[in-house]
Undergrad: 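Below is one structure. I have some questions about it.
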Amino acid sequence: MQTRALAGLTVSAQGLGCMGMSEFYGTGDEAEAVRTVQRALDLGVTFLDTADMYGPFTNERLLGRAIAGRRDEVVLATKFGNERTPDGGMVGVNGRPDYVRRACDASLQRLGVDVIDLYYQHRVDTSVPVEDTWGAIRELVEAGKVRHAGISEAAPATIRRAHAVQPVTALQTEYSLWTRDPEDDGTLATCAELGIGFVAYSPIGRGFLSGRIRSVDDLAPDDFRRRNPRFQGEAFRQNLELVDRVRRIADEKGVTATQLALAWVMAQSGRAGGPTVVPIPGTKRVRYLEENVGAADVRLSEEDLRRLDEAAPAGATAGDRYPDMSTVHR
């Protein structure tokens, strides 16, 4: 696995999203999750992404156990800002400085490490000036608890304000063949201008672009995608057409639809003067991890990219990204 630089932080060119190992995508298997993390490290996928809210709190502990004895191999990213109770209840978005400090200390303890490589503000708290939140992050960097700072699902103006207080190393936002908003909403351009890296989460469209999900019945009863507008009714049927167009191109190239979707995101890195882009596909199984890693070997020509742009143009996906879009792009 090659590496890429996110504003001075060197990471593997493809990362691993760990959220689904603990919550949201049906029942987890901790032993298989640990094997998946360790196999990722063996394959050079060393950029690992978690958050305190996943589980809640259990995903950080799982990841801490998985990397025990291999900490020096890992670029560890976690997040604060989506405050939850131990029983799973959602308190809300919290960007208060005192909470930032407490959340960081708690994450360090759960992960079993003394420093976080990349600490993201998971969502923007509009009731707190972003300068106050980022002042607390700057203090964490100065204290040696955090090496680099990032922000997730933030609008360009917010990114600029945060960057003026403490350099933003990475913006993490959803980006894939079925979520091309960053191309038009100014976030990619802002990252390029400021030298900020772009970390693409859900680069396989929450698994939809794999082509394996043909019906909502393919999802576990407790899978959060059942509540996602893109997985419901007419939107689901319309989005299947997009997936099938992508899959036909994948078949022609002799790769899986998953690999093609990931290769497309990886190919956006530095394209047309854009920022460095690193996808962090999530999985909780070794076999899917290995499929994802295979995308790094897929080479896309300009003709391939043109055809994919036609198959999945910006705005072609039906439905919002979340049931409630009020906390994203703020």
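Basis for what follows: all heavy atoms, side chains included, without hydrogens, waters or symmetry-related copies. When a residue number appears, it is its place in the shown sequence, counting from 1.
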Undergrad: Tell me, do Gln232 and Val216 make a side-chain contact under 4.5 Å, heavy atoms counted?
TA: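 Of all side-chain heavy-atom pairs linking Val216 with Gln232, none is under 4.5 Å.
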Undergrad: Side chains of Gln38 and Arg35: donor-acceptor distance under 3.5 Å anywhere?
TA: no
Undergrad: How would you list, by chain and number, every residue that makes a side chain to side chain donor-acceptor pair (under 3.5 Å) with Ser152, sequence neighbours excluded?
TA: Arg123
Undergrad: Without hydrogens or angle criteria, can the side chains of Lys79 and Tyr54 be said to hold a donor-acceptor pair below 3.5 Å?
TA: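 Present: a donor and an acceptor within the cut-off.
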Undergrad: Quick check: are there more than 12 heavy atoms from other residues, nucleotides or ligands sitting under 6.0 Å from CD of Gln109?
TA: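 No - once you tally the heavy atoms of other residues, nucleotides and ligands closer than 6.0 Å, there are 12 at most.
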Undergrad: I'd like to know if Arg65 pairs up with Glu60 as an ion pair, taking the criterion as any Lys NZ or Arg NE/NH1/NH2 lying under 4.0 Å from an Asp or Glu carboxylate oxygen.
TA: no
Undergrad: When the side chains of residues 133-141 are checked against the rest of the protein, which donor-acceptor pairs come out under 3.5 Å, sequence neighbours left out?
TA:
| unit_1 | atom_1 | unit_2 | atom_2 | d |
| --- | --- | --- | --- | --- |
| Thr133 | OG1 | Gly95 | O | 2.6 |
| Trp134 | NE1 | Gln121 | OE1 | 2.9 |
| Glu139 | OE1 | Arg101 | NE | 3.1 |
| Glu139 | OE1 | Arg101 | NH2 | 3.3 |

Undergrad: Looking only at side chains, do Gln259 and Asp297 share a donor and an acceptor under 3.5 Å apart?
TA: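 Side chains of Gln259 and Asp297: no pair found under 3.5 Å.
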Undergrad: Would you tell me whether Ser215 and Asp218 have side-chain atoms, one donor and one acceptor, within less than 3.5 Å of each other?
TA: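 No.
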Undergrad: Test: side-chain hydrogen bond (donor to acceptor under 3.5 Å, both in side chains). Region: residues 80-90. Which pairs qualify, not counting sequence neighbours?
TA: Glu23-Arg84, Asn82-His122, Glu83-Asn94, Thr85-Asp87
Undergrad: Is any NZ, NE, NH1 or NH2 atom of the basic residue among Lys145 and Asp105 found under 4.0 Å from an Asp or Glu carboxylate oxygen of the other?
TA: yes
Undergrad: Is it the case that the side chains of Thr50 and Asn59 hold a donor-acceptor pair, with the cut-off being a distance below 3.5 Å and no angle test?
TA: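 On atom types as modelled, these side chains qualify, holding a pair under 3.5 Å.
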Undergrad: Has Glu234 got more than 12 heavy atoms of other residues, nucleotides or ligands less than 6.0 Å from its CD?
TA: yes
Undergrad: Between Asp324 and Ser326, is any side-chain donor less than 3.5 angstrom from a side-chain acceptor?
TA: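 Judged by distance alone, the side chains do pair up.
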Undergrad: Closest heavy-atom contact between Ala154 and Ile159?
TA: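 Smallest interatomic distance, heavy atoms only, reads O-CD1, 3.6 Å.
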Undergrad: Just so I know, are the side chains of Arg39 and Val34 near enough to count as touching, which here means a heavy-atom distance under 4.5 Å?
TA: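 SC-SC contact between Arg39 and Val34 ruled out.
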Undergrad: Using the side chain to side chain contact (heavy atoms under 4.5 Å, CB included) criterion, which residues pair with Asp184? Sequence neighbours excluded.
TA: Ala314
Undergrad: Could you go through Arg102 and Asp52, starting from their C-alpha distance and side-chain angles, then the distance that decides it, and tell me whether this counts as salt bridge (charged side-chain N to carboxylate O under 4.0 Å, His left out)?
TA: CA-CA 12 Å; Arg102 286 188 285 109; Asp52 57 3; over 6 Å; no
Undergrad: For Arg160, enumerate each residue passing the side chain to side chain contact (heavy atoms under 4.5 Å, CB included) test, keeping only those at least two apart in sequence or located in another chain.
TA: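 Expected list: Thr190, Glu193, Leu194.
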Undergrad: Side chains of Glu153 and Thr327: do they bring a donor and an acceptor to under 3.5 Å?
TA: no
Undergrad: Under the 4.5 Å side-chain heavy-atom rule for ILVMFWY, direct or indirect, which residues accompany Val199?
TA: Leu6, Leu9, Val11, Phe47, Val75, Leu118, Tyr120, Tyr201, Val278, Ile280, Tyr322, Met325, Val328
Undergrad: Please check if any side-chain donor atom of Thr126 sits under 3.5 Å from a side-chain acceptor atom of Arg330, or the reverse.
TA: yes
Undergrad: Verify the distance criterion only: is there a donor paired with an acceptor across the side chains of Arg230 and Thr179 at less than 3.5 Å?
TA: yes
